[in-house]
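Counting starts at 1 for both ligands and their atoms, following the listed order.
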Amino acid sequence: MECGALAPLPSRLMTEIDAIRDAILTDAPPDEIAALSLPQSFRGAVVREDEQDMFAGMPSEEKDPRKSTHIDDVPLPELAPDEAYVAVMASSINFNTVWTSIFEPLPTFQFLKRLGKESVWGKRHDQPYHVMGSDASGVVLRVGSAVRNWKPGDRVTVHCNHVDDQDPSAHDDSMLAANQRIWGFETNFGGLAEIALVKANQLMPKPAHLTWEEAAVNALTNSTSYRMIVSPNGAQMTQGHTVLVWGASGGIGAYACQYILNGGGTPVGVVSSPERAALVREMGVEHVIDRKAEGYRFWKDEHTQDPAEWRRFGKKIRELVGTDPDIVFEHPGRQTMGASVFVAKRGGLVITCAATSGYTIEYDNRYLWMNLKTIKGCHFANYREAWEANRLIGEGRIHPTLSRTFTLEQTGDAAYEVHHNLHEGKLGVLALAPEEGLGVTNPQLREQLLPQITLFRRHQG
Ligand code: NAP
């Protein structure tokens, strides 16, 4: 099949997928959803194993997700007893979609092979294609024999913590489980598809006041920011804390700002344009630094950092809020970590979940130990944390940051935008939903919260 072209679909498949979509769009009752026939295959956004070296030797920025992402017809995998099939109405692009589609830091097929060796069910994931996507909103189609809390017809969002709960290491904080994986990144059959395969303990109720695409963009980034800012497993921010947020209008940063404001903290948002500064201010963030306008050059050259620039940055933060940050919300990595460690308050915390600009980090350790600072690693969220974060969305206390919506066929284009930092907040992807704006079952709450829910789209213009 030609790269990027749709596989010709047998008419039987079209009928089944269409019937699933129609049943959801017409609010069919649970028994009708349960009785729907399942297709033998479905369409998904995939990367292919035989193309994993296609960008070898190229600089990261030239690796193009539009070339590696295909919409292929994928066989429906068998359902394990603790799993559910979800008819995906919408999904989203996360930065891990970028990593998967540019095969960095390594091709994800290595993760699938490792999972394939673990069990007979794990073996299903080891395929020459990888269905990407770590977010989804949709409707449960079928559940496995061991699933108690969910049934066909349930409207859900999906979080991406994939854990085998028969492993003892999964029973304190499941993010510490030896076999913890990110669904759709380290497992196959992710959310950028018409049907997703998920564990039942990834399911959460869909917020009723949101459309499918608004509900689809939150779980990965919102839960990550909840754990980083709110949870005892993260920074456990208390009221009065000052928090420096890199990428304050980005995927995780915009949720972090909301948690800081809700919890009585003072965010200092860093962005890279006047438009982003205006957007973040409208979210309620009073103190914003435009890093491009200020012209910070934390690295003199590829190997040498410039402490004078760290100092200039720290001085700017003090001018704005009169103090050093108690917490630094860190994820750009190599480009910013030296500055983050330097500007954190004496006794303060740098909480980090990523290293977008490079994962070999350099900082001056004297500023860490002499000032009793801490660097803490953080990664996604356990089920309880994801559930709490989703509950706050459902109650309208945290809002989606959807700025634009793409079709499934445009997944590569959307990943390209995120790769090149051209987007605001989150990008949604429609799967079975034929258009934006569907899926709302609590229009009253929606009406009340419309300005907040649509903030990022209004700024996108
Ligand atoms: P995103 O939507 O692309 O936002 C990142 C923001 O960071 C951008 O808006 C940009 O803002 C800023 N930024 C980018 N490069 C920068 C640099 N060199 N220096 C300073 N700021 C920079 O991505 P995201 O969804 O927020 O994810 C951010 C990172 O976290 C990614 O690496 C992702 O893989 C990771 N992540 C990890 C987890 C986890 O569980 N461990 C979960 C979610 C995300 P400005 O240009 O406006 O400053």
**Asked** Quick one: nearest non-hydrogen protein atom to atom 42 (C) of ligand 1, plus distance?
**Response** Thr224 OG1, 3.3 Å
**Message:** Counting only nitrogen or oxygen atoms and a 3.5 angstrom limit, does Asn96 reach ligand 1?
**Reply:** no
**Complete:** Atoms of ligand 1 under 4.0 Å from any heavy atom of Gln335, numbered from 1 in the order shown, are 18 (N)
**Enumerated ligand 1 atoms positioned under 4.0 Å from heavy atoms of Pro332** = 16 (C), 17 (C), 19 (N), 20 (C), 21 (N), 22 (C)
**Message:** With nothing but distance in play, are any N or O atoms of Arg276 less than 3.5 Å from an N or O of ligand 1?
**Reply:** yes
**Request:** Starting from atom 5 (C) of ligand 1, find the nearest protein heavy-atom neighbour and note its residue, name and distance.
**Result:** His331 CE1, 3.9 Å
**Asked** Can Glu49 and Lys113 be counted as an ion pair, charged N to O under 4.0 angstrom?
**Response** yes
**Asked** Knowing that exactly one of Lys373, Lys345, Arg346, Arg318 qualifies, which makes a salt bridge (Lys or Arg N to Asp or Glu O under 4.0 Å) with Asp324?
**Response** Arg318
**Asked** Is any N or O atom of Gly247, backbone or side chain, closer than 3.5 Å to an N or O atom of ligand 1?
**Response** no
**Request:** For atom 13 (N) of ligand 1, state which one of Arg291, His419, Met175 supplies the nearest heavy atom.
**Result:** Arg291
**Prompt:** Taking both backbone and side-chain atoms of Phe380, is any N or O found less than 3.5 Å from an N or O belonging to ligand 1?
**Reply:** yes
**Item:** NZ on Lys206 to CE on Met89, rounded to 0.5 Å
**Value:** 10.0 Å
**Request:** Indicate, with yes or no, if the rings of Phe298 and Phe313 have centres closer together than 6.0 Å.
**Result:** yes
**Message:** Below a 4.0 angstrom heavy-atom separation, can you tell me which part of Asn421, side chain or backbone, both or neither, approaches ligand 1?
**Reply:** side chain
**Item:** Min N/O separation Val418 to ligand 1 under 3.5 Å
**Value:** no
**Asked** How far is atom 25 (O) of ligand 1 from its nearest protein heavy atom, and which residue and atom is that?
**Response** Gly251 CA, 3.5 Å
**Prompt:** Ion pair present between Arg366 and Asp364, side-chain N to carboxylate O less than 4.0 angstrom?
**Reply:** yes
**Asked** For Asn161 and Gln180, does a side-chain donor sit closer than 3.5 Å to a side-chain acceptor?
**Response** yes
**Prompt:** Taking C-beta and beyond as the side chain, do Phe342 and Val328 meet within less than 4.5 Å on heavy atoms?
**Reply:** no
**Message:** Between Arg66 and Asp64, does any side-chain N to carboxylate O distance fall below 4.0 Å?
**Reply:** yes
**Prompt:** For ligand 1, which atoms, with element, lie under 4.0 Å from some heavy atom of Thr336?
**Reply:** 19 (N), 20 (C)
**Prompt:** Got the closest protein heavy atom to atom 37 (C) of ligand 1, with its distance?
**Reply:** Cys353 O, 3.3 Å
**Request:** Considering only NZ, NE, NH1 and NH2 on the basic side and carboxylate oxygens on the acidic side, decide whether Glu282 and Arg458 come within less than 4.0 Å.
**Result:** yes
**Request:** Could you find the nearest protein heavy atom to atom 23 (O) of ligand 1 and give me its residue, atom name and distance?
**Result:** Phe95 CD1, 3.7 Å
**Message:** What I want to know is whether Ile252 and ligand 1 share at least one N or O pair that is separated by under 3.5 angstrom.
**Reply:** yes
**Asked** Is Asn94 in contact with ligand 1, taking contact as a heavy-atom separation below 4.0 Å?
**Response** no
**Request:** Check whether any N or O atom of Thr356, backbone or side chain, sits under 3.5 Å from an N or O atom of ligand 1, and answer yes or no.
**Result:** yes
**Message:** List ligand 1 atoms under 4.0 Å from Leu220, heavy atoms only on the residue side.
**Reply:** 42 (C), 43 (C)
**Per-residue contact class, Ser272 against ligand 1 - non-hydrogen pairs under 4.0 Å** = both
**Asked** Below 4.0 angstrom, N of the basic side chain to O of the carboxylate: do Glu417 and Arg404 qualify?
**Response** yes
**Asked** Any salt bridge between Arg114 and Asp126, counting N to O under 4.0 Å?
**Response** no
**Prompt:** Going by distance only, is there an N or O of Ser357 that falls short of 3.5 Å from an N or O of ligand 1?
**Reply:** no
**Prompt:** Is it true that Arg48 and Glu51 make a salt bridge, defined as a side-chain N closer than 4.0 Å to a carboxylate O?
**Reply:** yes
**Nitrogen or oxygen atoms of His379 and ligand 1 under 3.5 Å apart** = yes
**Request:** Inspect the contact between Arg43 and Glu194 and indicate whether a charged nitrogen and a carboxylate oxygen are less than 4.0 angstrom apart.
**Result:** yes
**Request:** Looking only at protein heavy atoms, identify the closest one to atom 30 (O) of ligand 1 and say how far it is in Å.
**Result:** Ala354 CB, 3.1 Å
**Request:** Say whether Ser249, considering both its backbone and side-chain N or O atoms, lies within less than 3.5 Å of an N or O atom on ligand 1.
**Result:** no
**Asked** Does the distance from a Lys or Arg side-chain N to an Asp or Glu carboxylate O, for Glu286 and Arg281, drop under 4.0 Å?
**Response** no
**Message:** Under a 4.0 Å threshold between the charged nitrogen and the carboxylate oxygen, would Arg457 count as salt-bridged to Glu213?
**Reply:** no
**Asked** Quick one: does His423 get a heavy atom under 4.0 Å from ligand 1?
**Response** yes
